[in-house]
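Notes to accompany the following structure.
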Protein chains: 2
Amino acid sequence: MTTRPVTLREVAKLAGVSIATASKALNGQPQVRASTRDRVLRAAEQLNFSPNTLAQGLITQRSGTVGLLTSDLEGRFSIPILMGAEDAFGSDQTSVFLCDARGDNVREKHHLRALLSRRVDGLIVVGARPDARPSLGELPVPVIYAYAPSEDPADLSLVTDNIGGGRLAVDHLIRHGRRRIAHITGDATYGAAQDRATGALARLAEEGLELAGDQVWFGNWSEAWGRGATRMLLQRDPEIDAVFAGSDEIARGVLDVLHQEKLDVPSQVAVIGFDNWNILAANARPPLSTIDMNLEQLGRLAAQRLFAAIGGTLGSGTETVPCRLITRESTAPVG
Amino acid sequence: MTTRPVTLREVAKLAGVSIATASKALNGQPQVRASTRDRVLRAAEQLNFSPNTLAQGLITQRSGTVGLLTSDLEGRFSIPILMGAEDAFGSDQTSVFLCDARGDNVREKHHLRALLSRRVDGLIVVGARPDARPSLGELPVPVIYAYAPSEDPADLSLVTDNIGGGRLAVDHLIRHGRRRIAHITGDATYGAAQDRATGALARLAEEGLELAGDQVWFGNWSEAWGRGATRMLLQRDPEIDAVFAGSDEIARGVLDVLHQEKLDVPSQVAVIGFDNWNILAANARPPLSTIDMNLEQLGRLAAQRLFAAIGGTLGSGTETVPCRLITRESTAPVG
DNA sequence: AGGCGTACCGAAAAGGTTTTCCGGAACGTA
DNA sequence: TACGTTCCGGAAAACCTTTTCGGTACGCCT
């Protein structure tokens with residue numbers, strides 16, 4: 001418990017060699033005889049030696065750590081990204097410092113300072129909402145902005161292709177023979193809401209279709225809004241045969257009201273959501289088709305880009321990650 | 001970008017003092033004249049100096065880091081705990097390494113080794129489900145088990161008071177005049193399911209009440225089970241006036257079927273959930289009363305205990321954190 | 001026998017900081 | 001003037017590892 005960790009010096013002594021050779025033996029350097037290497041390895045094993053990473057970092061000028069600076073840990077977006085990143089780095093070489101700024105600028109600065117003090121090799125910044133956020137500016141380590149892009153085009157950002165996602169959703173509905181497609185979505189001030197709508201409208205236009213319900217129903221990202229909007233929508237246009245919801249939460253509200261109105265899903269009305277938030281989508285009645293933003297992949301990609309940037313040089317601009325269609329039972333071919 | 005960080009040596013040179021005095025000045029040591037300290041501080045400011053934490057850790061034998069070893073990052077339980085811990089440590093002194101073992105034992109060992117190599121000052125282990133898990137055994141740093149207790153009573157574990165939670169839920173229903181209370185819950189192999197049922201039954205017994213529906217309805221933690229169980233329950237006993245659901249997911253299923261059966265919530269049947277999983281509970285129709293496990297507080301507590309243990313000595317045994325009632329509209333006094 | 005190349009190992013510096021201990025200056029006192 | 005105090009500042013060791021460079025031993029060639 002209170003015993004100090006064993007050092008290389010002790011391993012060396014037990015193996016009867018110098019510290020230098022012990023180090024070389026353990027790191028697979030060639031200038032050491034096989035028999036000697038064996039002795040060292042056995043000694044290390046016996047003492048359960050594990051090298052002090054701090055000391056290693058001090059001399060190699062590489063700490064083997066990265067900072068993950070998120071703004072909403074409770075949010076459902078940071079987590080998959082975080083997992084993807086953690087996954088890509090692996091525990092072998094790199095460990096991840098997790099910092100949640102809680103959307104507070106001061107706290108973010110604080111965390112940033114702490115991370116730089118710890119000499120992280122790089123930084124991934126995950127925004128809370130998919131709109132551009134202020135750049136951290138010039139830093140001594142490479143930075144990747146994930147989910148929320150940086151305002152500064154000189155930074156490297158990785159974001160979801162929301163336009164493509166909207167297009168994908170509508171395309172799916174069209175392929176299943178739906179013609180009267182409505183779109184209920186969240187807060188109009190979110191770029192994501194705008195982009196998804198843009199993609200949806202573009203795909204409709206290609207097919208020569210109009211949006212059902214006369215408009216895009218912007219509101220907020222809640223189930224309650226999904227319910228309210230659906231009621232208004234049905235009043236305006238009872239003939240719809242599909243709804244594209246801007247989030248799975250909204251889709252749940254849509255489903256709820258459709259049930260109340262005795263409209264069967266999917267035979268009469270198809271519903272597709274967005275986010276593939278499993279707990280909502282998979283447990284819906286019927287299980288909800290939806291668009292997955294591939295956030296883990298985004299996280300993995302961020303880690304890979306960062307890894308490549310460490311030592312090398314970082315790109316710039318915004319890279320988008322495509323969405324993926326998840327087909328469940330809430331959408332089906334007509335007839 | 002590629003410029004190496006400034007060191008204490010450079011600060012000292014700029015201030016015209018030795019490295020030793022620079023260090024003392026920055027750390028508030030008394031043996032330095034105020035004017036000298038000022039010079040150093042200004043120099044540090046000017047160079048934007050931030051001390052190399054690796055070097056500090058090397059000499060002080062304290063890295064200022066802790067490891068957070070979780071088994072299900074995607075799960076909803078680790079996250080609040082993680083937030084609480086992150087919160088309690090603050091960014092000032094301590095940073096958190098996040099490691100997700102994905103429920104894999106080998107990966108856990110791997111991560112553990114890496115963390116020890118980084119000379120973390122302590123460890124918090126967050127289990128995936130609230131049943132006892134294997135101990136990590138004797139380690140050179142203090143370890144706290146959160147959410148899932150360690151099998152070894154010599155370890156210190158912090159868990160939710162599920163019995164108290166079950167009691168709390170039923171107590172709330174009773175106080176609101178409900179008499180025919182049923183309990184639908186998840187997987188019977190989960191200690192949490194057993195404990196919540198135990199607490200619920202105990203409170204009923206105190207009141208001289210029987211459980212409605214003849215049994216505790218164990219199944220799994222899904223919305224679908226909530227629906228299925230409710231149908232069976234209504235067939236068995238149509239006269240119930242309250243349902244205590246073992247999770248918010250299940251509660252959502254219960255609500256769904258009650259709506260189908262034209263039973264009004266809460267006037268005819270009250271429903272209370274468990275977890276206070278906001279997205280499910282707050283957006284339900286009507287918003288769901290539920291039991292909150294105070295997981296952030298559990299996380300904060302874990303951090304505090306760990307903090308106290310670092311340097312000092314760690315306690316042992318299992319400490320429980322009480323639950324908290326969240327009242328929304330799905331429960332209301334009868335009449 | 002002398003010279004040379006190869007294979008192996010160790011001494012020592014380096015990385016950036018903290019901390020102990022000591023020396024010098026300034027000052028007051030006898 | 002001699003001496004004791006107090007106050008500041010610096011030299012150097014320590015933390016643990018990696019890496020460079022030099023040295024030894026040995027076999028081989030001429």
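All heavy atoms count here, side chains included; hydrogens, waters and symmetry mates do not. Here is how names work: the chains are called A, B, and so on, in the same order as the sequence lines, proteins then strands, and each is numbered from 1.
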Using atom [atom1] of [X] as one end and atom [atom2] of [N] as the other, report the distance to the nearest whole Å.
| X | N | atom1 | atom2 | value |
| --- | --- | --- | --- | --- |
| B/Ile19 | C/dG16 | CD1 | P | 10 Å |
| B/Lys24 | D/dG10 | NZ | C1' | 7 Å |
| B/Gln29 | D/dC7 | CD | C1' | 15 Å |
| B/Arg9 | D/dG10 | CZ | C1' | 14 Å |
| B/Ile59 | D/dA13 | CD1 | P | 13 Å |
| B/Gln56 | C/dT17 | CD | P | 7 Å |
| B/Leu8 | D/dA12 | CG | P | 17 Å |
| B/Lys13 | C/dT17 | NZ | P | 14 Å |

Would you classify [X] as touching base, sugar-phosphate or nothing, given that sugar-phosphate means primed atoms plus P, OP1 and OP2, and contacts are heavy atoms under 4.0 Å?
| X | result |
| --- | --- |
| A/Ser23 | base |
| B/Gln31 | base |
| B/Thr36 | sugar-phosphate |

Look at the aromatic rings of A/Phe89 and A/Phe307 and report parallel, tilted or perpendicular, splitting at 30° and 60°. tilted
Do the rings of B/Phe97 and A/Phe97 sit parallel, tilted or perpendicular, given the 30° and 60° boundaries? parallel
So which of residues 111-121 of chain A are in contact with DNA chain C, with a heavy-atom cut-off of under 4.0 Å? none
Near DNA chain C, counting only heavy atoms under 4.0 Å, which residues of residues 38-49 of chain B show up? B/Phe49
Would one find a side-chain N or O of [X] under 4.0 angstrom from OP1 or OP2 of [N]?
| X | N | value |
| --- | --- | --- |
| B/Ser18 | D/dG10 | yes |
| A/Thr21 | C/dG10 | yes |
| A/Arg33 | C/dC9 | yes |
| B/Asn52 | C/dG15 | no |
| A/Arg37 | C/dC8 | no |

From the set C/dT19, C/dG16, D/dT17, return the single nucleotide nearest to any side-chain atom of A/Pro51. D/dT17
Selected nucleotide, minimal atom distance to B/Leu58 side chain, candidates D/dT17, D/dC15, C/dT18: D/dC15
Taking the six-membered ring of B/Tyr190 as reference, does the NZ or CZ atom of B/Arg129 fall below 6.0 Å from its centre and within a 45° cone about the axis? yes
Below 4.5 Å, heavy atoms only, C-beta onward: do A/Leu14 and A/Gln46 meet side chain to side chain? yes
Kindly indicate, with the supporting measurements, whether the criterion side chain to side chain donor-acceptor pair (under 3.5 Å) is fulfilled by B/Arg118 and B/Ser63. CA-CA 8 Å; B/Arg118 295 197 182 282; B/Ser63 65; over 6 Å; no
Will you find, in the side chains of B/Thr320 and B/Asp161, an N or O donor that is under 3.5 Å from an N or O acceptor? no
Quick one about A/Asp155 and A/Ser135 (side-chain donor to acceptor, distance below 3.5 Å, no hydrogens or angles considered), yes or no? yes
Salt bridge or not for B/Arg300 and B/Glu86, using N-O below 4.0 Å? no
Please determine whether a side-chain nitrogen of the Lys or Arg among B/Asp87 and A/Arg102 lies less than 4.0 Å from a carboxylate oxygen of the Asp or Glu. yes
Contacts of B/Ala55 and B/Ala20 projected onto DNA chain D by closest heavy atom; the upstream (5') one is B/Ala20
For the CG atom of B/Leu69 and the CD atom of B/Glu108, what is their distance to the nearest 0.5 Å? 5.0 Å
